[in-house]
Amino acid sequence: MSDIIAQLEVKRAEAMLGGGQKRIDSQHAKGKLTARERIEILLDEGSFEEIDMYVEHNCVDFGMEETKIAGDGVVTGSGTINGRLIFVFSQDFTVFGGSLSERHAEKICKILENAMKVGAPVIGINDSGGARIQEGVASLGGYADVFQRNVLASGVVPQLSLIMGPCAGGAVYSPAMTDFIFMVKDSSYMFVTGPDVVKTVTNEIVTQEELGGAVTHTTKTSVADVAYENDIEALLAARDFIDYMPLSNREEVPERPTADPWDRLEESLDTLIPANANQPYDMHEVIRKMVDEGEFFEIQPAHADNIICGFGRMEGSTVGVVANQPMVLAGCLDINASKKAARFVRYCDAFNIPIVTLVDVPGFLPGTSQEHNGIIKHGAKLLFAYAEATVPKITIITRKAYGGAYDVMASKHLRGDLNYAWPTAEIAVMGAKGAVEIIFRGKTTEEIAEHTAEYEARFANPFIAAQKGFIDEVIMPHSTRRRVALGLRKLRNKQLENPWKKHDNIPL
Ligand code: HXC
């Protein structure tokens, strides 16, 4: 018996070494952790239970039958983050460059299936040279098997991808179908075809970093959500992030005890809005003063920052916050902002996360660039997302809510549950000057100025909307947290269902 146990220990130790010490050293030299080191940081200490440690590839071409490494390039299993169950797979670059074989794919599929069965999030750590070249089509099939499970798991359990090394070719499409992607600066990249192919086909000379590094994907493309300086920072952020998430679409959002009083008043918000309507202010201040302990996990902070999306807590429970940012493009909705917020709203709705919307929006961004690139279709995404969402929706208009953007931003007409306005709110078809120039075309400058003042006096306030019941209450800015907390409490048992359908047809 003791012999057998000793043999098992040896087998385990071999498997733990993956592709060997030399390759582990080379991984460290690149500033990267190994697959197992990453899992150790990600999960609660000692909580990881590995499965399929002895799985080997089944390839017999190119002398592969001579080189079998236990685990076949991916470490899989489950553990906990702050005591809550999480499934994880972590590709091991020291084993055939973390490339995906048929068996490697089967291990990932098993994790996704197990997670769906019991209802727990999946975190995938990607560090891979793509399809296992020696296996050919078997590996491509393996990828498709993973894609299929990513899609089935979408909206059932939260899926987070951490990109911590190369992620090329079709390999990018598994992370792309998960809910959120975190990348590491200077050591991770994602592209469909690498710099060499790009040069051959288009003659462009571009580095890996420029083509698909963390900065490119978190600023320009929005393929990824947040970029971190190194593996450890990204893994710790993933722990924080998961703390906001329900385990599945069948669960309520998690609750975390907080010492922050639910009725904390923030007098400083009463003077936040500048006297001049064209002067910006930082909407982050409203968010941080509203949520528990000022803690806010922002999604895509470096992309389309004319809209802010992220997670906070109210009375310990997760909320999704969407907010126009007057500091960037005056808070206008453009294509990128609409796409960013639409996906965020849909995620919240899929996972029972109430949405708090803070509105200061002068409208959709005008211009040929926006029109010719399809602002109609992309703006419709956000409109669609808010309109279909059945989770509790609380909206606060702090200043401008003009035109179509008023409708879009979780208005009463899109089944907003509680629609509040600060006394500084201006709810109108458009800004006073623009409106008057259209209605009183041809009038003198003096007359225009007079009518503008008249229009402002009549419409630059929340009361016309309030008279019609489109605004439930005009609230004092300092009581925002209190009103939102109270509202969420009352909406806890909200029941609302959309008509049965196979699925909707959101404008893609
Ligand atoms: C098998 C691979 C591999 C792969 C790397 N290796 N990629 N083995 N299949 N796809 C092995 C290498 O042979 C090497 O083995 C070890 O991993 C480390 O690789 P290096 O090249 O030494 O590392 P590095 O210099 O860091 O370069 C990493 C890399 C490069 C940029 C990822 O290895 C690379 O370009 N690999 C090929 C990428 C690729 O074209 N993949 C297929 C994409 S097509 P030893 O034994 O020397 O340590 C695809 C289609 C999917 O993925 C479609 C799905 C729909």
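Quick caveat, the model's predicted, so the values are computed rather than measured. In each ligand, atom 1 is the first atom listed, and ligand 1 is the first ligand listed.
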Notebook entry, point to check: At a non-hydrogen distance cut-off of under 4.0 Å, which region of Tyr173 contacts ligand 1 (side chain, backbone, both, or neither)?
Noted result: neither
Check: What do we get for Ala131 next to ligand 1 when only non-hydrogen atoms under 4.0 Å count, side chain, backbone, both or neither?
Finding: both
Is [X] in polar range of ligand 1, meaning some N or O pair under 3.5 Å apart?
X      : answer
Lys30  : yes
Arg23  : yes
Gly129 : yes
Ala171 : no
Leu140 : no
Ile133 : yes

Nearest-0.5 Å distance, [atom1] of residue [X] to [atom2] of residue [Y]:
X      : Y      : atom1 : atom2 : answer
His284 : Asp305 : NE2   : CG    : 8.0 Å
Glu50  : Arg36  : CD    : CZ    : 4.0 Å
Leu358 : Asn324 : CG    : CG    : 8.5 Å

If the cut-off is 4.0 Å to any non-hydrogen atom of [X], which atoms of ligand 1 fall inside it?
X      : answer
Tyr143 : 51 (C), 54 (C)
Gly130 : 52 (O)
Gln134 : 1 (C), 9 (N)
Tyr189 : 31 (C)

Please check [atom] for a protein heavy-atom neighbour under 4.0 Å.
atom                    : value
atom 13 (O) of ligand 1 : no
atom 30 (C) of ligand 1 : no
atom 6 (N) of ligand 1  : yes
atom 46 (O) of ligand 1 : yes
atom 17 (O) of ligand 1 : yes
atom 10 (N) of ligand 1 : yes
atom 22 (O) of ligand 1 : no
atom 34 (C) of ligand 1 : no

Checklist line | Charged N-O contact under 4.0 Å between Asp504 and Arg346 | finding: yes
Next item on the list: Decide, yes or no, whether a salt bridge links Arg103 with Glu106 under the criterion of side-chain N to carboxylate O below 4.0 Å.
Entry: yes
Item checked: contact_flag Phe62 ligand 1 heavy-atom lt 4.0 Å -> no
Checklist line | Phe93 near ligand 1 by a heavy-atom separation under 4.0 Å | finding: yes
Note to self: Show, in sequence, the C-alpha distance, side-chain angles and deciding distance for Ser222 and Arg343, and conclude whether the side-chain hydrogen bond (donor to acceptor under 3.5 Å, both in side chains) test is met.
What the structure shows: CA-CA 11 Å; Ser222 84; Arg343 187 160 159 80; over 6 Å; no
Next item on the list: Can you spot which of Val122, Ile111, Leu152 makes a side chain to side chain contact (heavy atoms under 4.5 Å, CB included) with Met116?
Entry: Leu152
Note to self: When you measure from the side chain of Glu251 to the backbone of Leu247, do you find a donor-acceptor pair of N or O atoms at a distance under 3.5 Å?
What the structure shows: no
Item checked: Closest protein heavy atom (residue, atom, distance) for atom 8 (N) of ligand 1 -> Phe96 O, 3.6 Å
Next item on the list: For atom 44 (S) of ligand 1, find the nearest protein heavy atom and state the residue, atom name and distance (0.1 Å precision).
Entry: Gly169 CA, 4.4 Å
Next item on the list: Assess Arg23 against Phe93: is NZ or CZ under 6.0 Å from the centre of the six-membered ring, and within 45 degrees of the ring's axis?
Entry: no
Margin query: Counting only heavy atoms not in Leu8 (residues, nucleotides, ligands), do more than 12 fall under 6.0 Å from its CG?
Written below: yes
Notebook entry, point to check: Do other residues, nucleotides or ligands put more than 12 heavy atoms under 6.0 Å from the OH atom of Tyr173?
Noted result: no
Checklist line | Whether Tyr347 and Phe351 hold their rings parallel, tilted or perpendicular, with breakpoints at 30° and 60° | finding: tilted
Checklist line | salt bridge (charged side-chain N to carboxylate O under 4.0 Å, His left out) assessment of Arg256 paired with Glu295 | finding: CA-CA 12 Å; Arg256 196 165 93 166; Glu295 276 180 24; 3.1 Å; yes
Notebook entry, point to check: Between Asp72 and Lys107, is a salt bridge (charged side-chain N to carboxylate O under 4.0 Å, His left out) present by the stated rule, with each step listed?
Noted result: CA-CA 9 Å; Asp72 203 25; Lys107 286 180 67 174; over 6 Å; no
